[in-house]
Amino acid sequence: MIVWLNGTHGAGKTTTSALVQRLLPDSRVFDAEKVGETLMDIRPGLPETDNFQHWPPWRTLVVETARHVLDYTGGTLVMPMTVLVEEYWREIGAGLARHGIPVRHFVLHADQDTLRGRIEGDTVMGPSPFRLKYLEPYAEASRTWLHAEAEVIDTTHITPAQAAARIAESVRR
């Protein structure tokens, strides 16, 4: 099974995924961003884009990597990854479904002011214009399709540990 933690930057996906992994036996964290980083390292580079998710190989490789890891280890993959383009989400979901891999999709949500404050006050990554530019696309995806496709966990007023506990409890049901 895959437990996919979606949501925009600042929602708490990375922190929460590590906590969820500790609560679910036989689980591992797979950050699909690493697949994008690998593609970004290809020289000469792939066609210019502002987001590696626009490269079709990223979506295919995420599916295939998850499939091969699960075939090898079994258990659960906890995947913290923002996917805001509905077509990309459908492509990844269809690919996983073709391999019979069930997906529990969660969106970590916080209001825009909270997200902005978290991004601007991030002491690890620092303030990030890249991360801030995804606030409006996240809001649009939330209004149009994303929240209807997932279990939404509002992280505005809860800790990552509380969010992780809610996710783990939902998965165990």
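- Side-chain atoms of E91 never come within 3.5 Å of backbone atoms of E86 as a donor-acceptor pair (strictly under, hydrogens ignored).
- A donor-acceptor contact shorter than 3.5 Å is absent between the side chain of S27 and the backbone of L23.
- Salt-bridge annotation for E136 and R143: present, with a side-chain N of the basic residue lying under 4.0 Å from a carboxylate O of the acidic one.
- Note: W58 and F52 have tilted aromatic rings, judged against thresholds of 30 and 60 degrees for the angle between ring planes.
- Taking a cutoff of 4.0 Å between a charged side-chain nitrogen and a carboxylate oxygen, D71 and R67 qualify as a salt bridge.
- Put simply, OG1 on T76 and CD1 on I101 are 11.5 Å apart, with the number rounded to the nearest 0.5 Å.
- Nearest heavy-atom pair, P160 versus T15, reported as atom, atom and distance to 0.1 Å: CB-CG2, 3.6 Å.
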Evaluation steps, side chain to side chain contact (heavy atoms under 4.5 Å, CB included), between E64 and R59: CA-CA 9 Å; E64 290 303 312; R59 301 184 299 276; over 6 Å; no
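- K13 approaches G7 most closely through the heavy-atom pair NZ-O, 3.2 Å.
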Check against side chain to side chain donor-acceptor pair (under 3.5 Å), R118 and T155: CA-CA 11 Å; R118 289 177 184 172; T155 67; 3.2 Å; yes
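- Note: H147 and H109 have perpendicular aromatic rings, judged against thresholds of 30 and 60 degrees for the angle between ring planes.
- When all heavy atoms of V63 and L96 are compared, the pair lying nearest together is CG1-N, 3.9 Å.
- In this structure, OG in S142 is found 9.0 Å from CG in N6, a value given to the nearest 0.5 Å.
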Before giving the answer on side chain to side chain contact (heavy atoms under 4.5 Å, CB included), spell out for I119 and L135 the whole-Å C-alpha distance, their side-chain angles and the decisive distance to 0.1 Å. CA-CA 10 Å; I119 293 168; L135 292 181; 4.1 Å; yes
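- Side chains of D111 and T114: a donor-acceptor N/O pair is present below 3.5 angstrom, by distance only.
- Considering only heavy atoms from C-beta on, T82 stays 4.5 Å or farther from E33 through its side chain.
- Residues R104 and E151 come closest through the heavy atom pair NH2-OE1, 3.4 Å.
- P137 and K133 make their closest contact through CD-O, 3.2 Å (heavy atoms, listed as atom of the first residue, atom of the second, distance).
- Taking NE2 from H157 and CD from Q162, the interatomic distance works out to 12.0 Å, rounded to the nearest 0.5 Å.
- Counting only N and O atoms by type, the side chains of T49 and N51 include no donor and acceptor under 3.5 Å apart.
- With rounding to the nearest 0.5 Å, the separation of OG1 in T8 from CD in Q112 is 8.0 Å.
- Salt bridge annotation for E120-R131: absent, with no cationic side-chain nitrogen under 4.0 angstrom from a carboxylate oxygen.
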Determine, step by step, whether E87 and R90 satisfy the salt bridge (charged side-chain N to carboxylate O under 4.0 Å, His left out) criterion, reporting the C-alpha distance in whole Å, the side-chain angles of both residues, the deciding distance to 0.1 Å, and the verdict. CA-CA 5 Å; E87 175 186 343; R90 300 242 179 267; over 6 Å; no
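- Between H54 and Y88, the distance separating the two ring centers is shorter than 6.0 angstrom.
- Looking at R172 and E169, no side-chain N of the basic residue comes within less than 4.0 Å of a carboxylate O on the acidic one, giving no salt bridge.
- Of all heavy-atom pairs between Y138 and V107, the closest is OH-CG1, 3.7 Å.
- Both I92 and L70 are assigned to one and the same hydrophobic cluster, defined by single-linkage of ILVMFWY side chains at heavy-atom distances under 4.5 Å.
- Chaining together hydrophobic side chains whose heavy atoms lie under 4.5 Å apart places V78 alongside M1, V3, L5, V20, L24, V29, F106, L108, I153, I158, I167, V171.
- With a 4.5 Å cut-off on side-chain heavy atoms, P80 and W4 do not count as touching.
- To the nearest 0.5 Å, atom CD of residue E140 and atom CG of residue L146 are 11.5 Å apart.
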V35 and F30: CA distance, side-chain angles, deciding distance, side chain to side chain contact (heavy atoms under 4.5 Å, CB included) verdict: CA-CA 10 Å; V35 174; F30 167 39; 3.9 Å; yes
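- Interatomic distance, OG1 of T14 versus CE of M125, reported as 8.0 Å (0.5 Å rounding).
- Under the 4.5 Å side-chain criterion, counting only non-hydrogen atoms from C-beta, L61 is not in contact with T38.
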